[in-house]
Novice: 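Sharing a structure, written as C-alpha coordinates. Questions coming.
In each ligand, atom 1 is the first atom listed, and ligand 1 is the first ligand listed.
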Amino acid sequence: MYRFAPSPTGDMHIGNLRAALINYVCSLQDNSGFIVRIEDTDKERNIPGKDAEILEILKEFGISYQMLYYQSKNLKFHQEFAAKLLSEGKAFLCFCDEATLENKKQIAKEQGRAYRYDGTCEHLSADEVFNNPRPGVVRLKIPKDADFSFDDEIKGRVSFESCNFDSFVLLRADKTPTYNFACAIDDMLEGVSCVIRGEDHVSNTPRQNLIRQALGYNSKIKHAHLPIILNAQGQKMSKRENSSSVKWLLNQGYMSEAIANYLLLLGNKTPCEIFTLQEAKEWFSLKSLSKSPAKFDEDKLAQINREHIRQASDARLKQLGFTKPELARFFTQEASLITQIKEKINKIYSPKIIDDEWQANAKIIKNALLELVENKSLPDDFKQLQNILSQKTGLKGKAFFMPLRLLLSNASHGPELSQLYALIKDDLKEILK
Ligand code: GLU
(Lines give C-alpha, C1' and ligand atoms only; values in the text may rest on other atoms or scores of the structure.)
Protein backbone atom coordinates (compact mmCIF):
# COMPACT_ATOMS: atom_id res chain seq x y z
CA MET A 1 0.00 0.00 0.00
CA TYR A 2 1.33 3.39 -1.01
CA ARG A 3 0.14 6.70 0.32
CA PHE A 4 0.23 10.43 -0.20
CA ALA A 5 -0.03 12.41 3.02
CA PRO A 6 -0.32 16.14 2.35
CA SER A 7 -0.87 18.77 5.00
CA PRO A 8 -3.66 21.23 4.11
CA THR A 9 -1.49 24.16 5.12
CA GLY A 10 -0.83 25.89 1.80
CA ASP A 11 -0.79 25.60 -1.96
CA MET A 12 0.37 22.22 -3.16
CA HIS A 13 4.12 22.38 -3.81
CA ILE A 14 5.59 20.63 -6.86
CA GLY A 15 7.65 18.51 -4.46
CA ASN A 16 4.42 17.19 -2.96
CA LEU A 17 2.93 16.54 -6.35
CA ARG A 18 6.06 14.68 -7.40
CA ALA A 19 5.72 12.47 -4.32
CA ALA A 20 2.04 11.88 -5.11
CA LEU A 21 2.81 10.96 -8.73
CA ILE A 22 5.63 8.60 -7.85
CA ASN A 23 3.61 6.86 -5.14
CA TYR A 24 0.73 6.52 -7.56
CA VAL A 25 2.84 5.12 -10.41
CA CYS A 26 4.51 2.61 -8.06
CA SER A 27 1.11 1.53 -6.73
CA LEU A 28 -0.05 0.88 -10.29
CA GLN A 29 3.03 -1.24 -10.91
CA ASP A 30 2.56 -3.66 -8.06
CA ASN A 31 -1.20 -3.24 -7.65
CA SER A 32 -0.83 -2.83 -3.93
CA GLY A 33 -3.14 0.14 -3.66
CA PHE A 34 -2.86 3.85 -3.00
CA ILE A 35 -4.48 5.99 -0.32
CA VAL A 36 -4.56 9.69 0.45
CA ARG A 37 -4.32 10.95 4.00
CA ILE A 38 -4.92 14.59 4.76
CA GLU A 39 -2.62 15.37 7.68
CA ASP A 40 -4.77 17.95 9.38
CA THR A 41 -3.66 17.61 12.98
CA ASP A 42 -1.89 20.97 13.12
CA LYS A 43 -5.01 23.06 13.69
CA GLU A 44 -3.13 26.35 13.75
CA ARG A 45 -1.54 25.85 10.35
CA ASN A 46 -4.51 24.25 8.55
CA ILE A 47 -6.09 26.48 5.94
CA PRO A 48 -9.80 25.82 5.31
CA GLY A 49 -10.44 24.60 1.78
CA LYS A 50 -6.86 23.50 1.05
CA ASP A 51 -7.82 19.83 1.44
CA ALA A 52 -10.47 20.18 -1.28
CA GLU A 53 -7.94 22.01 -3.45
CA ILE A 54 -5.39 19.20 -3.05
CA LEU A 55 -8.01 16.58 -3.97
CA GLU A 56 -9.04 18.66 -6.97
CA ILE A 57 -5.43 18.80 -8.14
CA LEU A 58 -5.04 15.03 -7.75
CA LYS A 59 -8.16 14.58 -9.87
CA GLU A 60 -6.83 16.94 -12.49
CA PHE A 61 -3.65 14.85 -12.66
CA GLY A 62 -5.60 11.61 -13.01
CA ILE A 63 -4.40 10.30 -9.64
CA SER A 64 -7.09 8.12 -8.11
CA TYR A 65 -7.05 6.52 -4.67
CA GLN A 66 -8.81 3.67 -2.90
CA MET A 67 -9.35 5.51 0.37
CA LEU A 68 -9.31 9.04 1.67
CA TYR A 69 -8.41 9.51 5.33
CA TYR A 70 -8.32 12.56 7.54
CA GLN A 71 -5.64 12.23 10.19
CA SER A 72 -7.68 14.14 12.78
CA LYS A 73 -10.28 11.35 12.69
CA ASN A 74 -7.65 9.01 14.17
CA LEU A 75 -7.15 11.13 17.28
CA LYS A 76 -8.62 8.53 19.62
CA PHE A 77 -6.20 5.90 18.28
CA HIS A 78 -3.28 8.25 18.76
CA GLN A 79 -4.34 8.80 22.36
CA GLU A 80 -5.02 5.12 23.00
CA PHE A 81 -1.62 4.13 21.67
CA ALA A 82 0.05 6.79 23.81
CA ALA A 83 -1.73 5.34 26.86
CA LYS A 84 -0.61 1.84 25.86
CA LEU A 85 3.02 2.95 25.59
CA LEU A 86 2.76 4.67 28.97
CA SER A 87 1.28 1.61 30.65
CA GLU A 88 3.98 -0.61 29.18
CA GLY A 89 6.71 1.74 30.35
CA LYS A 90 7.77 2.49 26.76
CA ALA A 91 6.84 6.13 27.11
CA PHE A 92 6.78 8.52 30.03
CA LEU A 93 5.02 11.67 31.11
CA CYS A 94 7.10 14.81 31.13
CA PHE A 95 6.06 17.86 33.14
CA CYS A 96 8.91 20.22 32.24
CA ASP A 97 7.46 23.63 31.56
CA GLU A 98 8.17 25.62 28.42
CA ALA A 99 10.32 28.19 30.20
CA THR A 100 12.63 25.54 31.67
CA LEU A 101 13.01 23.79 28.32
CA GLU A 102 13.57 27.09 26.56
CA ASN A 103 16.26 27.95 29.06
CA LYS A 104 18.02 24.63 28.48
CA LYS A 105 17.83 25.16 24.72
CA GLN A 106 19.40 28.59 25.16
CA ILE A 107 22.27 27.20 27.24
CA ALA A 108 22.90 24.48 24.64
CA LYS A 109 22.98 27.16 21.97
CA GLU A 110 25.47 29.26 23.92
CA GLN A 111 27.66 26.22 24.40
CA GLY A 112 27.48 25.53 20.67
CA ARG A 113 25.87 22.10 20.98
CA ALA A 114 22.57 20.82 19.66
CA TYR A 115 19.84 20.73 22.28
CA ARG A 116 18.53 17.32 23.29
CA TYR A 117 15.96 16.63 25.99
CA ASP A 118 17.98 15.63 29.06
CA GLY A 119 15.70 12.96 30.50
CA THR A 120 14.61 15.00 33.55
CA CYS A 121 11.18 13.33 33.80
CA GLU A 122 12.13 9.88 32.59
CA HIS A 123 12.63 8.50 36.08
CA LEU A 124 10.03 10.32 38.15
CA SER A 125 8.49 8.41 41.03
CA ALA A 126 4.83 7.38 40.88
CA ASP A 127 4.08 10.08 43.40
CA GLU A 128 5.76 12.74 41.30
CA VAL A 129 3.74 11.62 38.30
CA PHE A 130 0.32 11.22 39.89
CA ASN A 131 0.45 14.29 42.09
CA ASN A 132 1.78 16.59 39.46
CA PRO A 133 -0.63 19.48 38.96
CA ARG A 134 0.66 20.28 35.49
CA PRO A 135 -0.62 18.57 32.32
CA GLY A 136 2.18 16.36 31.04
CA VAL A 137 3.37 15.60 27.55
CA VAL A 138 4.06 11.99 26.54
CA ARG A 139 7.61 11.25 25.42
CA LEU A 140 8.97 8.07 23.88
CA LYS A 141 11.61 6.19 25.86
CA ILE A 142 14.47 5.45 23.51
CA PRO A 143 15.66 1.86 24.07
CA LYS A 144 19.39 1.46 24.77
CA ASP A 145 19.82 -0.70 21.68
CA ALA A 146 17.67 1.48 19.40
CA ASP A 147 18.58 1.29 15.73
CA PHE A 148 18.48 4.64 13.97
CA SER A 149 19.40 3.36 10.54
CA PHE A 150 17.22 2.16 7.70
CA ASP A 151 17.46 1.16 4.04
CA ASP A 152 16.30 3.77 1.62
CA GLU A 153 15.22 2.72 -1.87
CA ILE A 154 17.01 5.73 -3.35
CA LYS A 155 19.76 6.63 -0.91
CA GLY A 156 20.77 3.13 0.16
CA ARG A 157 21.66 2.60 3.82
CA VAL A 158 20.92 5.71 5.90
CA SER A 159 22.42 5.91 9.39
CA PHE A 160 22.20 8.48 12.12
CA GLU A 161 24.24 8.86 15.31
CA SER A 162 22.15 8.04 18.36
CA CYS A 163 23.16 11.40 19.87
CA ASN A 164 20.83 13.05 17.32
CA PHE A 165 17.79 11.57 19.00
CA ASP A 166 16.25 12.28 22.34
CA SER A 167 13.04 11.17 24.03
CA PHE A 168 10.87 13.10 21.65
CA VAL A 169 7.27 14.11 22.26
CA LEU A 170 4.46 11.85 21.06
CA LEU A 171 1.44 13.56 22.58
CA ARG A 172 1.35 17.22 23.52
CA ALA A 173 -0.08 18.58 26.78
CA ASP A 174 -3.37 19.24 24.97
CA LYS A 175 -3.48 15.52 24.07
CA THR A 176 -2.91 16.09 20.37
CA PRO A 177 -0.28 13.95 18.61
CA THR A 178 2.92 15.29 17.11
CA TYR A 179 3.45 14.76 13.38
CA ASN A 180 5.79 11.80 13.91
CA PHE A 181 3.44 9.99 16.26
CA ALA A 182 0.31 10.51 14.16
CA CYS A 183 2.12 9.60 10.95
CA ALA A 184 3.76 6.46 12.38
CA ILE A 185 0.45 5.20 13.74
CA ASP A 186 -1.59 6.04 10.68
CA ASP A 187 0.85 4.34 8.31
CA MET A 188 0.57 1.28 10.52
CA LEU A 189 -3.24 1.35 10.79
CA GLU A 190 -3.71 2.01 7.10
CA GLY A 191 -1.47 -0.87 6.10
CA VAL A 192 1.11 1.25 4.30
CA SER A 193 4.00 -0.86 3.06
CA CYS A 194 6.04 1.76 1.23
CA VAL A 195 6.51 5.41 2.13
CA ILE A 196 7.80 7.69 -0.62
CA ARG A 197 8.19 11.30 0.47
CA GLY A 198 10.46 14.30 0.36
CA GLU A 199 14.00 14.25 1.67
CA ASP A 200 13.07 16.74 4.39
CA HIS A 201 11.52 13.80 6.23
CA VAL A 202 14.59 11.59 6.21
CA SER A 203 15.40 12.09 9.89
CA ASN A 204 11.76 11.45 10.84
CA THR A 205 11.94 7.91 9.52
CA PRO A 206 14.02 6.44 12.39
CA ARG A 207 11.65 8.13 14.84
CA GLN A 208 8.57 6.72 13.16
CA ASN A 209 10.18 3.28 12.98
CA LEU A 210 10.97 3.44 16.73
CA ILE A 211 7.36 4.35 17.50
CA ARG A 212 6.02 1.37 15.55
CA GLN A 213 8.59 -0.94 17.12
CA ALA A 214 7.53 0.24 20.58
CA LEU A 215 3.95 -0.57 19.60
CA GLY A 216 5.03 -4.07 18.61
CA TYR A 217 4.36 -3.55 14.91
CA ASN A 218 6.72 -5.76 12.98
CA SER A 219 5.62 -5.44 9.36
CA LYS A 220 8.36 -3.90 7.33
CA ILE A 221 7.70 -0.53 5.73
CA LYS A 222 9.96 0.41 2.84
CA HIS A 223 11.12 4.00 2.54
CA ALA A 224 12.28 6.23 -0.29
CA HIS A 225 13.17 9.87 0.20
CA LEU A 226 13.05 12.03 -2.89
CA PRO A 227 15.87 14.54 -3.35
CA ILE A 228 14.81 18.14 -2.96
CA ILE A 229 13.99 20.37 -5.91
CA LEU A 230 16.23 23.39 -6.40
CA ASN A 231 15.41 26.62 -8.22
CA ALA A 232 17.47 28.03 -11.09
CA GLN A 233 19.81 29.66 -8.55
CA GLY A 234 20.49 26.31 -6.95
CA GLN A 235 18.57 27.04 -3.76
CA LYS A 236 15.81 24.93 -2.26
CA MET A 237 12.57 25.94 -3.96
CA SER A 238 10.59 27.72 -1.33
CA LYS A 239 6.84 27.70 -0.97
CA ARG A 240 6.87 31.40 -1.78
CA GLU A 241 8.24 30.93 -5.28
CA ASN A 242 5.42 31.06 -7.79
CA SER A 243 6.64 28.18 -9.91
CA SER A 244 6.75 25.89 -6.87
CA SER A 245 2.95 26.01 -6.66
CA VAL A 246 1.06 23.47 -8.75
CA LYS A 247 -1.97 25.74 -8.88
CA TRP A 248 0.16 28.58 -10.21
CA LEU A 249 1.66 26.39 -12.92
CA LEU A 250 -1.79 25.21 -14.02
CA ASN A 251 -3.11 28.79 -14.08
CA GLN A 252 -0.04 29.83 -16.00
CA GLY A 253 -1.03 27.50 -18.84
CA TYR A 254 0.89 24.29 -18.23
CA MET A 255 -1.04 21.10 -18.93
CA SER A 256 -1.28 18.62 -16.08
CA GLU A 257 0.12 15.95 -18.43
CA ALA A 258 3.21 18.09 -19.01
CA ILE A 259 3.75 18.89 -15.34
CA ALA A 260 3.43 15.20 -14.47
CA ASN A 261 5.83 14.28 -17.27
CA TYR A 262 8.34 16.89 -16.13
CA LEU A 263 8.18 15.90 -12.46
CA LEU A 264 8.80 12.24 -13.31
CA LEU A 265 11.66 13.21 -15.60
CA LEU A 266 13.31 15.41 -12.99
CA GLY A 267 16.49 13.83 -11.63
CA ASN A 268 15.59 10.58 -13.34
CA LYS A 269 16.94 8.36 -16.11
CA THR A 270 14.00 7.64 -18.38
CA PRO A 271 13.83 5.74 -21.68
CA CYS A 272 12.26 8.75 -23.42
CA GLU A 273 11.59 12.38 -22.70
CA ILE A 274 7.91 12.75 -23.48
CA PHE A 275 5.54 10.30 -21.87
CA THR A 276 2.21 9.86 -20.10
CA LEU A 277 1.63 8.55 -16.61
CA GLN A 278 0.38 5.27 -18.05
CA GLU A 279 3.55 4.93 -20.11
CA ALA A 280 5.73 5.70 -17.09
CA LYS A 281 4.03 2.82 -15.31
CA GLU A 282 5.76 0.47 -17.75
CA TRP A 283 9.30 1.42 -16.82
CA PHE A 284 9.40 3.70 -13.78
CA SER A 285 11.82 2.61 -11.08
CA LEU A 286 12.86 4.34 -7.86
CA LYS A 287 16.31 2.93 -8.52
CA SER A 288 16.78 5.19 -11.54
CA LEU A 289 16.25 8.35 -9.52
CA SER A 290 19.32 10.38 -8.78
CA LYS A 291 20.45 10.79 -5.19
CA SER A 292 21.34 14.43 -5.75
CA PRO A 293 18.97 17.38 -5.77
CA ALA A 294 17.24 18.16 -9.04
CA LYS A 295 17.09 21.60 -10.60
CA PHE A 296 13.71 22.93 -11.66
CA ASP A 297 13.95 24.32 -15.17
CA GLU A 298 10.86 26.16 -16.33
CA ASP A 299 12.10 26.37 -19.92
CA LYS A 300 12.30 22.60 -20.05
CA LEU A 301 8.79 22.35 -18.63
CA ALA A 302 7.61 24.78 -21.31
CA GLN A 303 9.17 22.65 -24.04
CA ILE A 304 7.49 19.54 -22.63
CA ASN A 305 4.21 21.43 -22.45
CA ARG A 306 4.46 22.22 -26.14
CA GLU A 307 4.92 18.55 -26.97
CA HIS A 308 1.92 17.56 -24.88
CA ILE A 309 -0.26 20.17 -26.57
CA ARG A 310 0.88 18.78 -29.94
CA GLN A 311 0.09 15.24 -28.90
CA ALA A 312 -3.18 15.95 -27.10
CA SER A 313 -6.39 14.58 -28.57
CA ASP A 314 -9.04 16.91 -29.96
CA ALA A 315 -11.26 16.07 -27.00
CA ARG A 316 -8.56 17.00 -24.50
CA LEU A 317 -7.80 20.28 -26.27
CA LYS A 318 -11.49 21.12 -26.32
CA GLN A 319 -11.62 20.40 -22.61
CA LEU A 320 -8.81 22.91 -22.19
CA GLY A 321 -10.97 25.51 -23.90
CA PHE A 322 -9.72 25.30 -27.48
CA THR A 323 -12.70 25.24 -29.82
CA LYS A 324 -10.30 24.61 -32.67
CA PRO A 325 -7.78 21.98 -31.62
CA GLU A 326 -5.82 22.20 -34.85
CA LEU A 327 -5.18 25.91 -34.28
CA ALA A 328 -3.87 25.15 -30.78
CA ARG A 329 -1.43 22.63 -32.21
CA PHE A 330 -0.46 25.04 -34.97
CA PHE A 331 0.50 27.79 -32.53
CA THR A 332 2.85 25.54 -30.55
CA GLN A 333 5.40 26.70 -33.14
CA GLU A 334 5.19 30.13 -31.54
CA ALA A 335 4.21 29.56 -27.92
CA SER A 336 4.32 26.91 -25.23
CA LEU A 337 1.62 27.81 -22.74
CA ILE A 338 -2.10 27.28 -23.12
CA THR A 339 -2.71 30.87 -22.08
CA GLN A 340 -0.26 32.27 -24.65
CA ILE A 341 -1.71 30.12 -27.41
CA LYS A 342 -5.24 31.19 -26.54
CA GLU A 343 -4.14 34.81 -26.75
CA LYS A 344 -2.75 34.23 -30.22
CA ILE A 345 -5.91 32.52 -31.42
CA ASN A 346 -8.18 35.15 -29.85
CA LYS A 347 -6.20 37.83 -31.58
CA ILE A 348 -7.10 36.39 -34.97
CA TYR A 349 -10.78 36.56 -34.13
CA SER A 350 -10.59 40.05 -32.58
CA PRO A 351 -11.10 43.41 -34.33
CA LYS A 352 -8.09 44.07 -36.52
CA ILE A 353 -5.55 46.68 -35.61
CA ILE A 354 -4.27 48.10 -38.86
CA ASP A 355 -1.84 51.00 -39.26
CA ASP A 356 -3.07 53.98 -41.28
CA GLU A 357 -0.48 53.08 -43.86
CA TRP A 358 -2.33 49.85 -44.73
CA GLN A 359 -5.92 50.88 -44.00
CA ALA A 360 -7.04 51.61 -47.51
CA ASN A 361 -5.52 48.53 -49.10
CA ALA A 362 -6.77 46.36 -46.27
CA LYS A 363 -10.27 47.55 -47.00
CA ILE A 364 -9.96 46.65 -50.66
CA ILE A 365 -8.54 43.20 -49.92
CA LYS A 366 -11.14 42.59 -47.23
CA ASN A 367 -13.98 43.31 -49.65
CA ALA A 368 -12.46 41.03 -52.23
CA LEU A 369 -12.07 38.31 -49.65
CA LEU A 370 -15.65 38.71 -48.44
CA GLU A 371 -16.86 38.45 -51.99
CA LEU A 372 -15.06 35.11 -52.36
CA VAL A 373 -16.60 33.98 -49.08
CA GLU A 374 -20.08 35.01 -50.23
CA ASN A 375 -19.68 33.20 -53.54
CA LYS A 376 -18.26 30.18 -51.77
CA SER A 377 -15.31 30.38 -54.11
CA LEU A 378 -12.42 30.51 -51.64
CA PRO A 379 -9.68 28.23 -52.99
CA ASP A 380 -8.09 25.67 -50.66
CA ASP A 381 -4.62 26.68 -51.65
CA PHE A 382 -3.15 29.92 -50.31
CA LYS A 383 -1.02 30.56 -53.39
CA GLN A 384 -4.13 30.40 -55.50
CA LEU A 385 -5.90 32.77 -53.13
CA GLN A 386 -3.07 35.26 -53.43
CA ASN A 387 -3.26 35.14 -57.21
CA ILE A 388 -7.01 35.65 -57.26
CA LEU A 389 -6.84 38.52 -54.77
CA SER A 390 -3.93 40.19 -56.45
CA GLN A 391 -5.77 40.07 -59.75
CA LYS A 392 -9.02 41.32 -58.27
CA THR A 393 -7.42 44.23 -56.39
CA GLY A 394 -4.54 45.08 -58.65
CA LEU A 395 -2.26 45.19 -55.58
CA LYS A 396 1.09 43.51 -55.27
CA GLY A 397 4.31 43.45 -53.22
CA LYS A 398 4.32 44.64 -49.64
CA ALA A 399 1.25 46.82 -50.27
CA PHE A 400 -0.60 43.59 -50.86
CA PHE A 401 1.07 41.12 -48.48
CA MET A 402 1.12 43.28 -45.38
CA PRO A 403 -2.57 44.19 -45.30
CA LEU A 404 -3.43 40.59 -46.18
CA ARG A 405 -1.32 39.36 -43.28
CA LEU A 406 -2.93 41.87 -40.93
CA LEU A 407 -6.39 40.82 -42.02
CA LEU A 408 -5.74 37.13 -41.55
CA SER A 409 -3.57 37.11 -38.45
CA ASN A 410 -3.99 40.57 -36.88
CA ALA A 411 -0.19 40.75 -36.51
CA SER A 412 2.54 42.24 -38.69
CA HIS A 413 4.64 39.13 -38.34
CA GLY A 414 3.90 35.66 -37.24
CA PRO A 415 3.27 32.19 -38.51
CA GLU A 416 3.42 30.95 -42.05
CA LEU A 417 0.25 32.41 -43.60
CA SER A 418 -0.30 29.59 -46.05
CA GLN A 419 -0.55 27.11 -43.17
CA LEU A 420 -2.67 29.42 -41.08
CA TYR A 421 -5.03 30.07 -43.98
CA ALA A 422 -5.85 26.38 -44.30
CA LEU A 423 -6.87 26.32 -40.65
CA ILE A 424 -9.00 29.46 -40.61
CA LYS A 425 -10.44 29.38 -44.11
CA ASP A 426 -13.88 28.31 -42.97
CA ASP A 427 -14.01 31.11 -40.41
CA LEU A 428 -13.06 33.99 -42.67
CA LYS A 429 -16.45 35.62 -42.47
CA GLU A 430 -16.22 35.79 -38.70
CA ILE A 431 -12.57 36.82 -38.78
CA LEU A 432 -13.15 39.68 -41.23
CA LYS A 433 -16.32 41.00 -39.62
N1 GLU B 1 2.21 15.90 5.96
C2 GLU B 1 3.58 15.68 5.66
C3 GLU B 1 4.00 16.67 4.60
O4 GLU B 1 3.20 17.24 3.94
C5 GLU B 1 3.70 14.26 5.18
C6 GLU B 1 5.01 13.71 5.12
C7 GLU B 1 4.93 12.22 4.84
O8 GLU B 1 4.69 11.87 3.69
O9 GLU B 1 5.08 11.45 5.78
O10 GLU B 1 5.13 16.94 4.41
Novice: Determine whether a donor-acceptor pair (N or O, by modelled atom type, separation under 3.5 Å) exists between the side chain of Asp427 and the backbone of Ile431.
Specialist: no
Novice: Are the side chain of Arg306 and the backbone N or O of Ala302 linked by a donor-acceptor pair below 3.5 Å?
Specialist: no
Novice: Of all the non-hydrogen atoms in the protein, which one sits nearest to atom 10 (O) of ligand 1, and at what distance?
Specialist: His201 NE2, 2.8 Å
Novice: Once side chain to side chain contact (heavy atoms under 4.5 Å, CB included) is applied, do any residues pair with Ala146, and if so which ones, sequence neighbours excluded?
Specialist: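 With neighbours one apart ignored, the set is Ile142, Pro143, Phe148, Leu210.
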Novice: Suppose we measure from atom 4 (O) of ligand 1 to each protein heavy atom; which comes out shortest, and what is that distance?
Specialist: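 Ranking protein heavy atoms by distance from atom 4 (O) of ligand 1, first comes Ser7 OG, 3.4 Å.
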Novice: Quick one: does Asn16 get an N or O within less than 3.5 Å of an N or O on ligand 1?
Specialist: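 No.
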Novice: Going by the atom numbers of ligand 1, which of them fall below 4.0 Å from some non-hydrogen atom of Arg197?
Specialist: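 So the answer, numbered in order with elements, is 7 (C), 8 (O), 9 (O).
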Novice: Under the side-chain hydrogen bond (donor to acceptor under 3.5 Å, both in side chains) test, which residues partner Ser244, sequence neighbours left out?
Specialist: none
Novice: Give a yes or no on this: more than 12 heavy atoms of other residues, nucleotides or ligands lie within 6.0 Å of atom NZ of Lys429.
Specialist: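 For Lys429, atom NZ is not crowded (no more than 12 foreign heavy atoms under 6.0 Å).
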Novice: Any nitrogen or oxygen of Cys183, side chain or backbone, less than 3.5 Å from one on ligand 1?
Specialist: no
Novice: Are Tyr262 and Phe296 an aromatic pair by the rule of ring centers under 6.0 Å?
Specialist: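 Yes, ring centres under 6.0 Å apart.
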Novice: Closer than 4.0 Å to some heavy atom of Glu39 - which atoms of ligand 1 meet that?
Specialist: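 Selected atoms, number and element: 1 (N), 2 (C), 5 (C).
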Novice: With under 30° as parallel and over 60° as perpendicular, where do the rings of Phe150 and Phe160 fit, or are they tilted in between?
Specialist: parallel
Novice: Tell me the contacting part of Phe4 for ligand 1: side chain, backbone, both, or neither, using a 4.0 Å heavy-atom threshold, strictly below.
Specialist: neither
Novice: Going by the order shown, which atoms of ligand 1 are within less than 4.0 Å of some heavy atom of Arg3?
Specialist: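 Close to Arg3: 7 (C), 8 (O), 9 (O).
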Novice: Atom 5 (C) of ligand 1: which protein heavy atom is closest, and how many Å away?
Specialist: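 Result for atom 5 (C) of ligand 1: Ala5 O, 3.0 Å.
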